[in-house]
Visitor: 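Could you have a look at this structure, given as structure tokens, before my questions?
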Amino acid sequence: HRQELLGKIASIREVVQGAPLKSVLKQLVSRTVKSELNKLISLVHRPNESFFVVPQADKVTVVFPMRFKDSVDSILATSFLQEFVDARRTAGLGNAPHCLWSPSPPQELKGAPAEALLANAGFVSFVISPRHVEGRKLDRTVWSLSTFHAYVSYHVKCSEGFMHTRMRRRVESLIEALDRAKPDWKKVKKAVQTRSFKRLSINDGRATSNSRN
């Protein structure tokens, strides 16, 4: 029951935020998108942040301005998104939506408010074709697009945590190596005292034989 409840709570985003997106994608399936509807549709997914939907007759372009408060998260997200786009080119993902990343706003965002174009991790664009939203694929596509920013944020935080763990382990291994390299002063002191005692005994023996002579 707990998992079912959590699933329903998580679905609120798809129902509320994904409703206008789902409506546009339904028109794409039925090929009823008007050609003159080639304008921006802004969907708010975070406080003061939006992603944009550009409906066209044969496709729908969804653009995400990727914005992060922390500079480290921004750098990690930029690297992650570039790898994300490159992964799309593999043979097994040939049917996935076309994905682009750019550090500057794409042409689809021409006319968007200036404050909406402030993205320190670049812009990600997905080109949705009718084959991506046919049948059961519609709900899955709406869910994936509605939660894309949260998906990237999750993986960025996981990468940051993994890097911190690796760094801590590395520091611990270096500290252990330094501890092993430190001399045991008790053994060193004992060895020095032993060598001094032997020298003193030899010298005493020589002094005794000389006195006898």
Visitor: Val29 and Val53: same hydrophobic cluster, using ILVMFWY side-chain contacts below 4.5 Å?
Guide: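 Yes, it is one cluster - the side chains of Val29 and Val53 are joined through contacts under 4.5 Å.
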Visitor: Can you measure from CZ (Phe148) to CG (Leu145) and round to the nearest 0.5 angstrom?
Guide: 9.0 Å
Visitor: Is the ring centre of His155 less than 6.0 Å from the ring centre of Phe80?
Guide: yes
Visitor: Kindly determine whether Thr141 and Lys22 satisfy side chain to side chain contact (heavy atoms under 4.5 Å, CB included), including the steps that lead there.
Guide: CA-CA 9 Å; Thr141 302; Lys22 191 172 185 178; over 6 Å; no
Visitor: Going from CD1 on Ile41 to OG on Ser23, what distance comes out if it is rounded to the nearest 0.5 angstrom?
Guide: 8.0 Å
Visitor: Under a 4.5 Å cut-off applied to non-hydrogen side-chain atoms, are Leu21 and Ser146 in contact?
Guide: yes
Visitor: Applying a strict under-4.5 Å side-chain criterion to I, L, V, M, F, W and Y, I'd like to know whether Val72 and Val156 cluster together.
Guide: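 Yes.
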Visitor: Please test His98 against Lys59 for side chain to side chain contact (heavy atoms under 4.5 Å, CB included), starting from the C-alpha separation and ending with a verdict.
Guide: CA-CA 11 Å; His98 192 58; Lys59 63 181 180 180; over 6 Å; no
Visitor: Please tabulate, for side-chain N and O atoms in residues 116-137, each donor-acceptor pair with protein atoms closer than 3.5 Å (sequence neighbours left out).
Guide:
unit_1 : atom_1 : unit_2 : atom_2 : d
Asn120 : OD1    : Phe68  : N      : 3.0
Asn120 : ND2    : Phe68  : O      : 2.6
Arg131 : NH1    : Asn95  : O      : 3.1
His132 : ND1    : Ser129 : N      : 3.0
His132 : NE2    : Asn95  : O      : 3.0
Lys137 : NZ     : Arg131 : O      : 3.3

Visitor: Does anything in residues 62-76 form a salt bridge (Lys or Arg N to Asp or Glu O under 4.0 Å)? List the pairs, not counting sequence neighbours.
Guide: Asp73-Lys157
Visitor: Is there a side-chain contact between Val152 and Met66 in this structure, where contact means two heavy atoms from C-beta onward sitting under 4.5 Å apart?
Guide: yes
Visitor: Partners of Ser79 by side chain to side chain donor-acceptor pair (under 3.5 Å), sequence neighbours excluded?
Guide: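 So Ser79 forms no side chain to side chain donor-acceptor pair (under 3.5 Å) with any residue.
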Visitor: Less than 4.5 Å apart, any side-chain heavy atom of Asp139 and any of Trp143?
Guide: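 Sidechains of Trp143 and Asp139: no contact.
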Visitor: Find the distance between CD (Gln107) and OG1 (Thr61) and round it off to the nearest 0.5 Å.
Guide: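 With rounding to 0.5 Å, CD (Gln107) is 12.0 Å from OG1 (Thr61).
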Visitor: Do Pro106 and Leu100 come within less than 4.5 Å of each other through their side chains, counting heavy atoms only?
Guide: no
Visitor: Rounded to the nearest 0.5 Å, what separation is found between the NZ atom of Lys8 and the CG atom of Leu6?
Guide: 11.5 Å
Visitor: State the CG-CZ distance between Leu40 and Phe52, to the nearest 0.5 angstrom.
Guide: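 So the CG of Leu40 and the CZ of Phe52 are separated by 6.5 Å.
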Visitor: So that I can tick it off, tell me whether Glu172 and Arg168 are bridged by a salt bridge, with the cut-off set at under 4.0 angstrom between side-chain N and carboxylate O.
Guide: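 Not counted as a salt bridge, because no side-chain N and carboxylate O are separated by less than 4.0 Å.
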Visitor: With hydrophobic residues grouped by side-chain heavy-atom distances under 4.5 Å, do Val62 and Val85 end up in a single group?
Guide: yes
Visitor: Do Tyr151 and Val142 share a hydrophobic cluster, counting only Ile, Leu, Val, Met, Phe, Trp and Tyr and linking them when any side-chain heavy atoms are less than 4.5 Å apart?
Guide: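 The answer is yes; both residues are in one hydrophobic cluster.
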Visitor: Over all heavy atoms of both residues, which pair between Pro55 and Val60 is shortest? Give the atoms and the distance, please.
Guide: CA-CG2, 4.1 Å
